[in-house]
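Atoms considered below: every heavy atom in the structure, side chains included; atoms not considered: hydrogens, waters and symmetry mates.
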Amino acid sequence: MNCQICSSKKLTHITSLGHHALPDVFVRPAEAAEPFTVYPLDFYVCRKCWLAQIGHSVDPGLLFRDFVYTTESNPASKPHFERLVKSFIERFQLDREDLAVDLASNDGTLLEQYGGEVRILGVDPSSTTGRAIAKGLPTIVDFFTEATAKQILATYQPAKVITTMNAFAHIKELDAFMSGVVALLAKDGVFVSESHHLQNVITKMQYDLIHHEHLRFYSLKPLMVLFDRYGLEIFDVEETETQGGSILVYAGRPGVRPVSANVPRLLEQETAAGLYSIATYEAWSARLIQSKQRLMSVLYDLKSQGAMIAGIGASAKGNTIINYCGIRPDVLDYITDGSELKQGKLAPGSLIPVTADQELLDRQPEYALILTSNLKDIIIQKLRGKGYKGKFIVAGEVPSVE
């Protein structure tokens, strides 16, 4: 096995999270008794470029063609994208003749924010593109490669801005993707990617981000190696609160834009956090096991007292928590989720029933386990406002009851 960025064989195995079903492939109740495939979920770090990655790559067609996650289901997405798009238009002086392309555009939530200020195009292979197309947003339903870029250039001019939001870590054929970006990007164009920040995975014990959709976990140093190989330069970086803490990375052709002081500043921050030392990851692995034991102890104690516990958020991240910890229907009675695409089905691996959010309000279980900790504050405020009277359990390195 080689590093997914620098191709080095200097990979250190940090930990195994076991074998998991695909995190967004939900099961119909009629299929509950049928066998399902699980895949190894192991975490590695490259000692040459310091990329963190999982060891097994699943066929992207299995993961993304019939996709149940929609961007609009995350209440934080629209205001975040609205702010970003406004900044792109102002900072890069975009006008109605310029082209903005969003890769892994999903239901088109980001593209909508341009509001006619520029020409737009989405590229995404998943079934969620039906929602974007229904909104009248031009979308190519396919994986993005150099061939896709050439297809776009046959109709459009080169892109002034290319974005990929929280999907850059999903891409299996990274070389084909990057070749496409370089081919499609205008000479003064900007490639903007937002990805969960490895520093938060490690320092905040966000192991729920580790699942088969996320092949890589980015810090700045390996991204610099990747972009340099394709003749691109990172000229700015910004930390955001998206997905529990992400990095927004701006890249373009070398010398076109001055390199911000934010770049060396973040490198220093990551170094101080120990991201470029194997000892950090070894210590994290031990903390991970303790985190699992603490959460299960809380849940088992409550169940032994006869409490009913519901889950909130049937997300890919939540399914990592459930399947790594071995949580099953005897512990978690059901999971609520706002997506109609998941309701009435069973969570992958655990086969815990997924219901609408109203179920929590109607049945009023004593406890609710929040499975999307990055949205904890939004979830608690929303459900309290709707009348949920029970207590919330927040999974983390040290679980809390609120």
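- To the nearest 0.5 Å, atoms CE (Met165) and CG (Asn106) are separated by 13.0 Å.
- Under the side chain to side chain donor-acceptor pair (under 3.5 Å) criterion, the residue pairs touching residues 43-60 are Thr12-Arg47, with sequence neighbours excluded.
- Aromatic ring orientation, Phe168 versus Phe191: perpendicular (interplanar angle above 60°, classes split at 30° and 60°).
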inquiry  = Please evaluate residues Lys386 and Gln358 with respect to the criterion side chain to side chain donor-acceptor pair (under 3.5 Å), reporting the C-alpha separation (whole Å), side-chain torsions for both, the decisive distance (0.1 Å), and the verdict.
reply    = CA-CA 9 Å; Lys386 289 188 173 183; Gln358 188 62 38; over 6 Å; no
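- Remark: the backbone N or O of Gln199 is paired with a side-chain donor or acceptor of Thr203 at under 3.5 angstrom.
- The aromatic rings of Phe43 and Trp284 lie tilted to each other, with the angle between the two planes from 30° to 60°.
- Few gaps surround CD on Glu31; more than 12 heavy atoms of other groups in view lie less than 6.0 Å from it.
- Ser350 places no side-chain N or O within donor-acceptor distance of the main-chain N or O of Asn323, the cut-off being under 3.5 Å.
- For the residue pair Thr128 / Ser126, a side-chain donor-acceptor distance below 3.5 Å is found, with atom types taken as modelled.
- Judged by distance alone, with hydrogens and angles left aside, the side-chain atoms of Gln206 form a donor-acceptor pair with the main-chain N or O of Gly244 at under 3.5 Å.
- Using modelled atom types and a 3.5 Å distance limit, the side chains of Glu239 and Ser246 yield no donor-acceptor pair.
- When atom types are taken as modelled, the side chain of Tyr281 and the backbone of Leu275 share a donor-acceptor pair closer than 3.5 angstrom.
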ask   = How far apart are the C-alpha atoms of His212 and His20, what are their side-chain angles, what is the distance that settles it, and do they pass the side chain to side chain donor-acceptor pair (under 3.5 Å) test?
value = CA-CA 8 Å; His212 287 102; His20 291 231; 6.0 Å; no
task = Please step through side-chain contact (heavy atoms from CB on, under 4.5 Å) for the pair Gln364 and Tyr388, ending with a clear verdict.
result = CA-CA 6 Å; Gln364 291 290 332; Tyr388 175 59; 3.5 Å; yes
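- Here the side chains of Ile278 and Val45 are in contact, with some heavy-atom distance below 4.5 Å.
- Using a 4.5 Å cut-off on side-chain heavy atoms (C-beta onward), Leu185 and Leu232 make contact.
- Taking the side chain as every heavy atom from C-beta outward, Ile312 and Leu383 approach each other to under 4.5 Å.
- With respect to the salt-bridge test (charged N to carboxylate O, under 4.0 angstrom), the residues Asp333 and Lys303 qualify.
- Remark: the backbone N or O of Glu366 is not paired with any side-chain donor or acceptor of Lys391 at under 3.5 angstrom.
- Salt-bridge annotation for Lys221 and Glu270: absent, with no side-chain N of the basic residue lying under 4.0 Å from a carboxylate O of the acidic one.
- With salt bridges taken as basic N to acidic carboxylate O contacts below 4.0 Å, none links Glu117 and Lys160.
- A salt bridge between Glu402 and Lys376 is present, with a side-chain N of the basic residue lying under 4.0 Å from a carboxylate O of the acidic one.
- Every side-chain contact (heavy atoms from CB on, under 4.5 Å) that Gln113 has, sequence neighbours left out, goes to Lys78, Phe81, Glu82, Val85, Thr109.
- Defined by atom type and a distance below 3.5 Å, a donor-acceptor pair is missing between the side-chain atoms of Thr355 and Gln343.
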query = So Arg83 and Glu238, salt bridge (Lys or Arg N to Asp or Glu O under 4.0 Å) or not? Walk me through it.
reply = CA-CA 13 Å; Arg83 180 188 72 82; Glu238 175 187 344; 3.2 Å; yes
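- Atom CD of Gln157 has more than 12 heavy atoms from other residues, nucleotides or ligands within 6.0 Å.
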query = Are Arg253 and Glu233 close enough, and set up right, to give a salt bridge (Lys or Arg N to Asp or Glu O under 4.0 Å), and what steps lead you there?
reply = CA-CA 6 Å; Arg253 304 188 194 279; Glu233 177 182 56; over 6 Å; no
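- No more than 12 heavy atoms of other residues, nucleotides or ligands shown are found within 6.0 angstrom of NZ on Lys10.
- Within the 4.5 Å cutoff, side-chain heavy atoms of Leu137 are placed close to those of Ile120.
- Between Met1 and Lys9, every side-chain heavy-atom pair lies at or beyond the 4.5 Å cut-off.
- A donor atom on one side chain and an acceptor atom on the other are not found under 3.5 Å apart for Thr129 and Asp124.
- A donor-acceptor pair under 3.5 Å is absent between the side-chain atoms of Ser260 and the main chain of Asp236, judged by distance alone.
- At least one side-chain heavy atom of Tyr207 sits under 4.5 Å from a side-chain heavy atom of Ser291.
- Distance alone, capped at 3.5 Å, is enough to place a donor-acceptor pair between the Thr320 side chain and the Ile210 backbone.
- Counting only distance, with no hydrogens or angles, the side chain of Asp98 and the backbone of Asp95 share a donor-acceptor pair below 3.5 Å.
- Counting only heavy atoms from C-beta outward, the side chains of Glu397 and Arg294 approach each other to under 4.5 Å.
- Figure legend: cation-pi geometry between Lys292 and Tyr324, with NZ or CZ positioned under 6.0 Å from the six-membered ring centre and within 45° of its axis.
- For His196 and Phe217, the gap between ring centers is short of 6.0 Å.
- Tyr250 and Phe227 have their aromatic ring centers separated by at least 6.0 angstrom.
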request  = Apply the test side chain to side chain donor-acceptor pair (under 3.5 Å) to residues Asp102 and Thr163: give CA-CA distance (whole Å), side-chain angles for both, the deciding distance (0.1 Å), then the verdict.
outcome  = CA-CA 5 Å; Asp102 189 31; Thr163 53; 2.8 Å; yes
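- Nearest heavy-atom pair across Gly313 and Leu371 is O-CB, 3.4 Å.
- With rounding to the nearest 0.5 Å, the separation of CG in Leu223 from OG in Ser193 is 6.0 Å.
- With 3.5 Å as the limit, one finds a donor-acceptor pair spanning the side chains of Glu194 and His80.
- Side chain of Ser105 to main chain of Val123: a donor-acceptor pair is present (N/O by atom type, distance under 3.5 Å, no hydrogens or angles).
- No donor-acceptor distance shorter than 3.5 angstrom exists from the side chain of Gln305 to the backbone of Leu302, with no hydrogens or angles considered.
- Figure legend: cation-pi geometry between Arg119 and Tyr114 absent, as NZ or CZ is not positioned both under 6.0 Å from the six-membered ring centre and within 45° of its axis.
- Residues Ser16 and Asp42 bring a donor and an acceptor atom of their side chains to less than 3.5 Å of each other.
- Side-chain contact between Pro158 and Leu153 is present, with at least one heavy-atom pair separated by less than 4.5 Å.
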